[in-house]
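To keep things clear, I will list the structure first and then write my remarks on it.
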Protein chains: 2
Amino acid sequence: MSLRNALLAMLTSQPMTGYDVYKNFQTSVGYVWHAPDSQIYPELRRMEQDGLIRGETVPWGKRGTKKRYSITEAGVESFRAWLNAPPEYQRERDPVRLRAAYLEWASPTASADFFRAHIAYHSARVEDWEDMIRTLRDHSNPTLAKRLEGKSEEEAERITAYKVFAYEGMIARAQTEIEWAEKGLELVERLERRG
Amino acid sequence: MSLRNALLAMLTSQPMTGYDVYKNFQTSVGYVWHAPDSQIYPELRRMEQDGLIRGETVPWGKRGTKKRYSITEAGVESFRAWLNAPPEYQRERDPVRLRAAYLEWASPTASADFFRAHIAYHSARVEDWEDMIRTLRDHSNPTLAKRLEGKSEEEAERITAYKVFAYEGMIARAQTEIEWAEKGLELVERLERRG
DNA sequence: ACCCTCTATCTATGGAGATAGGTAGTTGTT
DNA sequence: AACAACTACCTATCTCCATAGATAGAGGGT
């Protein structure tokens, strides 16, 4: 049900077409929640049927049309209910740790490469999220800008603070992964040196 | 494909029935990779068809039978290939961070409860994993004990070290989550006090 | 003999998501 | 006029996983 709430979250900022949402999922929000268009369009249709959003056909060019969705009162209610409900946790399913636990079966080179790839991946994510925080802080983020229209200084600060804090959480997690993988390299070095 | 490799990982220790695997997935290995029996039994059948494991029907009581699976050479090969291949990363999909980013829509009480639940959940996981590390270190873990049979002191140390290191990674991640959620409580306190 | 719990396995349904296509109109460039 | 690139939306298939059942024998206690 998180996809549905990710979509509602976006539509609380402004009305959007499925394509707009898809584009946002590829860039900004996509760094927290990703979804392909083949999942977005059908879900939007279902949400309209459930009365959470309302779609209106608007012209596009001479002959073309597109459908722009707006969140309804029921949609806002549903989104609020999700945020106020206690969180649910998935069972643990961690492919990286699963592999790490059995590295005695891998070659020393592959083990080291594994940790180096882990560091590279999370370093790249840290940069993405730091960029994201920058656009949130200086309000150059268009979705946020739209969201803050007509809001008081205090409200704007509050809204921005939660978003920045969420991305800081992503960064903290990634940095922990990097530190762990660096220790992993040392461990491989120590255990496999004598081989 | 990680389920398949989690199953292979278990069967590198000793031959097991589907039920044995299921039990282990609920306790030891389940703290890294969880799977329900409705997923385990069919996957084992598919793996047998693919020649990765071999099943033999063994008697159980007077009339009953059960099927015990052993890993084959091809299975070991496939497991090794997985461990030596570069890791693949899923797209980001983080329901906790998604919620955190939109806490301006939640009530202050619900926001604080959300972070407290996050702390409680991860604290419980830390205890589970610390227990797990204890049973690995003192070799009271039966699956590990079986795995270390006939191994040299050095080999045993090496095998154990990777498993401990994997769980240390889980703990590090959980502790980062706890620290983040504690900062979240402070943030809620600061932002919502004046409401 | 009865009952409970554990062992051992199976099926069925549905949601979520990945992957890989397809169609059609628009806009801008050469 | 041709074209590429982008906007806008749709479909199909497949795997994974959750959830919720069902069946049947084993082992132990009352």
Side-chain angles (χ1 to χ4, degrees), chain A residues 1-8 10 15-27 29-30 32-50 53 55-69 82 88-95 98, chain B residues 1-8 10-11 15-27 29-30 32-50 53 55-69 82 88-95 98 142:
Chain A
M1 280 295 89
S2 282
L3 171 63
R4 177 163 287 207
N5 288 296
L7 295 171
L8 287 175
M10 297 212 59
M16 284 182 186
T17 67
Y19 191 72
D20 292 335
V21 173
Y22 165 62
K23 282 281 138 182
N24 271 289
F25 266 60
Q26 282 194 316
T27 55
V29 195
V32 172
W33 197 273
H34 168 268
D37 64 332
S38 64
Q39 223 191 328
I40 292 169
Y41 287 111
E43 184 63 25
L44 287 172
R45 268 179 273 144
R46 259 170 276 152
M47 288 164 73
E48 190 180 13
Q49 278 180 4
D50 294 349
I53 57 177
E56 47 164 352
T57 305
V58 294
W60 167 55
K62 287 181 196 92
R63 274 163 301 171
T65 61
K66 56 184 180 178
K67 203 161 179 186
R68 185 163 47 207
Y69 291 102
W82 176 66
E88 285 164 34
Y89 289 91
Q90 258 74 40
R91 310 297 178 80
E92 291 299 334
R93 206 167 267 126
D94 188 332
L98 179 63
Chain B
M1 281 295 89
S2 282
L3 172 63
R4 177 163 287 208
N5 288 296
L7 295 171
L8 288 175
M10 299 213 57
L11 293 171
M16 284 182 187
T17 67
Y19 191 72
D20 293 333
V21 173
Y22 165 63
K23 282 282 136 179
N24 272 288
F25 266 62
Q26 282 193 316
T27 56
V29 195
V32 172
W33 195 272
H34 168 268
D37 66 330
S38 63
Q39 222 191 329
I40 293 169
Y41 286 112
E43 183 63 24
L44 286 172
R45 268 179 273 143
R46 259 169 275 152
M47 287 164 73
E48 191 181 11
Q49 278 180 3
D50 294 349
I53 57 178
E56 47 165 352
T57 305
V58 295
W60 167 54
K62 288 180 197 94
R63 273 164 299 172
T65 59
K66 58 183 178 178
K67 201 159 181 187
R68 186 164 46 208
Y69 292 101
W82 176 67
E88 285 165 34
Y89 290 91
Q90 257 73 41
R91 310 297 176 81
E92 292 298 334
R93 205 168 267 123
D94 189 332
L98 179 62

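- Between A:I53 and A:L44, the closest heavy-atom pair is CD1-O, 3.4 Å.
- Taking all atoms of both residues into account, the shortest heavy-atom contact from A:G18 to A:I40 is O-CG2, 4.1 Å.
- Using a cutoff of 4.0 Å between basic side-chain nitrogens and carboxylate oxygens, A:R46 and A:E43 are scored as salt-bridged.
- For the 3.5 Å distance criterion, the side chains of A:T17 and A:D20 qualify, holding a donor opposite an acceptor.
- As rounded to whole Å, 14 Å separates atom P of C:dA8 from atom CD of B:E56.
- The shortest distance between the side-chain N/O atoms of A:K62 and the OP1/OP2 oxygens of C:dG25 is not below 4.0 Å.
- Taking atom OH on A:Y22 and atom P on C:dA18, their separation rounds to 12 Å, with Å as the unit.
- In summary, contact between chain A and DNA chain D, defined as any nucleotide atom under 4.0 Å from a heavy atom of the protein, begins and ends at D:dT7 to D:dA18 in the 5' to 3' direction.
- Taking atom OH on A:Y19 and atom P on C:dT23, their separation rounds to 18 Å, with Å as the unit.
- In this structure, CZ of B:R93 is placed 17 Å from P of C:dG15, rounded to the nearest angstrom.
- Taking CD from B:E48 and NZ from B:K67, the interatomic distance works out to 4.0 Å, rounded to the nearest 0.5 Å.
- The two residues B:H34 and B:F25 make their nearest non-hydrogen contact at C-CD2, 3.9 Å.
- When each of B:K67 and A:L3 is assigned the nucleotide of DNA chain C with its nearest heavy atom, B:K67 is the one assigned upstream, toward the 5' end.
- Looking at residues 32-45 of chain A, you'll see A:D37, A:S38, A:Y41, A:R45 sit with a heavy atom under 4.0 Å from some atom of DNA chain D.
- The interatomic distance linking A:K66 (NZ) with C:dT26 (C1') rounds to 11 Å, in whole Å.
- In this structure, A:R68 contributes its side chain and A:E56 its backbone to no donor-acceptor pair below 3.5 Å.
- Pairing each heavy atom of A:L3 with each of A:A35, the nearest pair is CD1-CB, 3.8 Å.
- Nearest heavy-atom pair, A:W33 versus A:S2, reported as atom, atom and distance to 0.1 Å: CH2-CB, 3.2 Å.
- At the phosphate of C:dT9, neither OP1 nor OP2 sits under 4.0 Å from any side-chain N or O atom of B:R68.
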